Structure formats: C-alpha cells, structure tokens
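It should be emphasised that the depicted structure is a prediction, and the values quoted were computed from it without experimental measurement.
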Amino acid sequence: MKLRGIELRRIGIPLVGPFRTSFGTQNDRDVLLLKAVTDDAEGWGECVAMAEPSYSPEVLASETAVLKDWFLPTLAGERGQAALGAHGAHAVTQLLHPFKGHRMAKAALEMAILDAELRAEGRSFGRELGGVRETVPSGVSVGIFDTIPQLLDVVGGYLAEGYVRIKLKIEPGWDIEPVRAVRERFGDDLLLQVDANTAYTLRDARHLAKLDDFDLLLIEQPLEEEDVVGHADLAKIVKTPICLDESIVSAQTAAAAIRLEACSIINIKPGRVGGYLESVKIHDLAQAHGLAVWCGGMLETGIGRAANMALASLPGFTLPGDVSASSRFFHTDITEPFVLEDGHIRVPTGPGLGVTPIPEILEEFTTSVEFIEL
Ligand code: NPG
C-alpha cells in the first residue's frame, strides 16, 4: 500500500440538545476527520479530541498540530512508506512509537489507514478486529439536568426508544437522589450505571458507598485519572464495581490497574488508548483476567460510530456500551444514520468501516479542509 496523502477536514455538527457532564456542557460537536488516500482506496478516520482540554489534555488544535508536524512527515519518509507497504495500518503504532502521547491523533491516523487497507481488500472492520456478533446491545449516556422530573422524562423517552441500558452522569450534588429516582421510577430490572468523569476524591468514599443500595452495574471513573491507587482503595470500601475510563490510556496502564485491583471493568475508547488495535489488546488482556469490558463513546459521527460497533462486537464486550443510535446526538449524521432495532445496533459488514460520509452533508458541515500530500 502506498499512502499518497491525508485530507484533514474539520466539521461542526449541532447536537440535538445540550449534553452536560461533570466537566462541562456541549452544544455541538467539532470534529477532525481524516481521509487517507492510497493507491488502492480511500479510508476514513475520526479524531475524538474535543475543542477544550476538559476530558483529556489532547484537543483538536494539538492533535492537528502533531499530525501535521510530526506524524504525517514520519509516515511520508522512506522508512514510513516501506513499513506501511509491508505491514499496512499495523505499522502505524510502531512508526509513531517515538512520539509521546497524542493517542487521539494516532488512533485517527491508524483508523483511516486501516479503513483504506480493508476497503482495498474487501474486508470489514468487524472481521479484522475479531468481532463475533451481528448486532450489539445499545446503551445510552444521559447528561446532568437541573431537576429530577426533567431527568425522569428523558430517561423514560430513551427507554421507550428501546435502549437496553442507562448511564447517568453524576457529580457532587447530583448523584444519590437522581439515581434513587430513576431506580424507583423504572424498577429493579433496569440496567443502570453512573459516570463521574473524575469528579470525586477518596474523601467521598462513604458518600459514594451510598450508591451500593441501587444495584448499579458499575461506577465509572469516580476519581482523578492519575489516582489509580485511590481507585484500588475505593474498591475496598464501595461494593458497586469500579470501572475505569480516563485512567486507562494503553494496554500497559490497563495491566497495572488490573494488578492493583483498581477496577473490575474497563470502558474501552479507541481514541483514548491510541487506536482500535490497542483496544483489541486491552480487550484480550481483560478477557484473560476475567474482567468485563464495554465500548465507550465520544459523540462520534457515523464514521467513528461504525468502528465502535465493530469493536463492540468482540466476545469480551459483555456489557452494553455507549454505542447509541446516531439520533441520540445528531438530527443529521454525516453517514447513513445508525438506528436502533429492538435495542440493538447492526454492525456494518461492508468493506472497511462499511459506511462513508454522504458528500452533500459532509460539505454542509465542513468548516475547513486541507490535503497534505505525502
Ligand atoms: O454515547 O458517544 C456517546 C457519549 C457517551 O458519555 C459519553 N461520553 O465521559 O464517557 C464520557 C463521555 C464523553 C463524551 C467523554 C465526549 C468525552 C467526550
């Protein structure tokens, strides 16, 4: 495979409504899309970085800069092209290994090149990653609201649509009571979990233990991302399983967290860990240690969503993920929308991602575009 160039395209899509978490409120999604142009095919990648460094230090501006200044020149060089020619997308991680961090840019680049490679060979993302399911159960992430009646209305709406699991965003002051209200209104059979996005400290352990009354599937990332030991301490006080998100940025950090017993469940987000291939490694590691994993979401367009569906179809993804229908976030997606079918979403089976942006819609949302020839 010869990589001819990469198109970097910024798009802005309005959200169906504000999405409030413990780290801020989003009203639209500003996305960096990559298109890898090879001799044989074109492939798409989506960079999940956000505009502000509130979830991760990696932001759209930093990821665009490292791609242009470091990653693309490395792939363009003689050694880069030779490695891509021999090993395709599997060479990307090794080639970019000398560069620290910026996993969201690495993930997007690997994804675009892998998509181009698979499209050229007529193979699907799902098959390539090791997927075993045709459909995946769909969970939905529910933001923070001003009042409990508002929250109950929204959760009721999602359940009427068929979502099989509800994740409530929590923060100090919005935790026990909203969880109690949802559990009481919708009953004990509802699959329910919470996500704190690092909003607590170990001093809140007794308070968080009150969540044990509500039979939650898990508490996601209650403490700061670097406080892995704190999560291990918390896991001894709280009975609800601890799930890590922000703390896990690689298979190596996953191995350390498992060894420390800091979590019993992992949320895998390919952008956060540097790509779909690293995600498979974390899946395999978790499976070997008997931990459940599930696929997180970062308000992806249909491009990132398609790849997430493929990942979520692997056998170790035993909990429903944040793999919602496109309509959860967007009135108009840039690809054919992903839709709920009896609480599940169909994993694309066509070559590569199995979906492509619809040109007119892509143009409408585009705010800038640049082609970098290699
Ligand atoms: O379904 O795409 C989705 C969103 C799920 O809540 C969700 N994502 O902390 O997990 C998270 C949160 C998030 C969104 C994080 C955007 C970072 C950016």
Side-chain angles (χ1 to χ4, degrees), residues 43-46 48 89-90 107-108 110-112 114-115 117-119 121-141 162-165 167 191 193 217-218 243 245 248 251 254 265-329 333 335-356:
W44 291 89
E46 177 164 343
V48 293
H90 288 261
E110 178 198 83
M111 177 180 171
L114 184 57
D115 184 35
E117 188 181 327
L118 295 175
R119 283 185 204 260
E121 293 169 5
R123 291 187 290 136
S124 74
F125 237 78
R127 283 285 289 279
E128 172 71 7
L129 298 182
V132 294
R133 299 188 193 104
E134 288 174 13
T135 65
V136 294
S138 181
V140 63
S141 175
Y163 285 106
V164 303
R165 175 283 261 156
K167 154 166 144 179
L191 298 182
Q193 65 192 55
L217 289 170
L218 58 93
C243 169
D245 171 7
I248 306 297
I265 298 170
I266 296 174
N267 166 349
I268 302 185
K269 285 182 184 160
R272 197 193 64 225
V273 304
Y276 285 86
L277 303 178
E278 188 76 5
S279 298
V280 173
K281 283 192 199 160
I282 298 177
H283 160 273
D284 296 348
L285 177 80
Q287 244 194 343
H289 286 85
L291 271 77
V293 301
W294 54 282
C295 183
M298 291 187 65
L299 281 60
E300 286 89 349
T301 71
I303 291 295
R305 212 160 280 274
N308 285 351
M309 299 302 162
L311 182 66
S313 73
L314 268 69
F317 284 76
T318 51
L319 289 169
D322 286 340
V323 281
S324 315
S326 300
S327 62
R328 158 67 185 92
F329 292 107
D333 202 339
T335 62
E336 283 301 319
F338 283 91
V339 293
L340 273 184
E341 296 171 35
D342 199 16
H344 288 62
I345 296 193
R346 197 160 286 285
V347 182
T349 52
L353 295 171
V355 299
T356 323

Polar side-chain atom of Asp115 near backbone of Trp44 as donor-acceptor pair, under 3.5 Å: yes

Distance, nearest 0.5 Å, that separates NE2 of His90 from CD of Glu110: 7.5 Å

Side-chain donor or acceptor of Glu278 paired with backbone N/O of Ala251 under 3.5 Å: yes

SG on Cys295 to NZ on Lys269, rounded to 0.5 Å: 9.5 Å

Closest heavy-atom pair and its distance - Val164, Gly343: CG1-O, 3.6 Å

Close side-chain approach of Pro315 and Gln287, heavy atoms under 4.5 Å: yes

Heavy-atom side-chain contact between Pro270 and Leu311 under 4.5 Å: yes

Val136 side chain near Phe317 side chain, heavy-atom distance below 4.5 Å: no

Backbone N/O of Leu118 and side chain of Arg123: donor-acceptor pair under 3.5 Å: no

Shortest non-hydrogen separation from Gly122 to Pro351 and the atoms involved: CA-CB, 4.0 Å

Heavy-atom pair of closest approach, residues Ser279 and Val273: OG-CG2, 3.4 Å

Check: His344 side chain, Leu340 main-chain N or O, donor-acceptor pair, under 3.5 Å: no

Heavy-atom pair with the smallest gap, counting every atom of Gly139 and Ser324: O-OG, 2.9 Å

Gap separating the CD1 atom of Ile345 from the CZ atom of Arg133, nearest 0.5 angstrom: 14.0 Å

Minimum heavy-atom distance between Asp333 and Gly302, given as atom pair plus value: OD1-N, 2.9 Å

Tyr276 side chain to Asn308 side chain, donor-acceptor N/O pair below 3.5 angstrom: yes

Salt bridge (charged side-chain N to carboxylate O under 4.0 Å, His left out) contacts touching residues 306-329 (sequence neighbours left out): Arg165-Asp322, Lys167-Asp322

Exercise: do Glu46 and Thr301 side chains pair donor with acceptor under 3.5 Å: yes

Minimal non-hydrogen separation, Gly271 against Val48, with atom names: CA-CG2, 3.7 Å

Heavy atoms of other groups near Glu134 CD, more than 12 under 6.0 Å: no

Heavy-atom side-chain contact between Leu218 and Leu319 under 4.5 Å: yes

Separation of Ile268 CD1 from Ile248 CD1 (nearest 0.5 Å): 9.5 Å

Reported OG-to-CZ distance for the pair Ser138 and Phe338, which is rounded to 0.5 angstrom: 11.0 Å

Backbone of Asn267 reached by a side-chain donor or acceptor of Arg272 within 3.5 Å: yes

Contact check, side chains of Leu191 and Pro320, non-hydrogen atoms, under 4.5 Å: yes

Distance in Å, Leu277 CG paired with Leu129 CG, rounded so as to fall on 0.5 Å steps: 7.0 Å

Close side-chain approach of Leu291 to Ile265, heavy-atom, < 4.5 Å: no

Side-chain touch Leu114/Arg119, heavy atoms, less than 4.5 angstrom: no

Heavy-atom side-chain contact between Met309 and Thr135 under 4.5 Å: no

More than 12 heavy atoms from other groups under 6.0 Å of CZ on Arg127: no

CA sep, side-chain torsions, deciding dist, call: Ile303, Leu353, side-chain contact (heavy atoms from CB on, under 4.5 Å): CA-CA 7 Å; Ile303 291 295; Leu353 295 171; 3.9 Å; yes

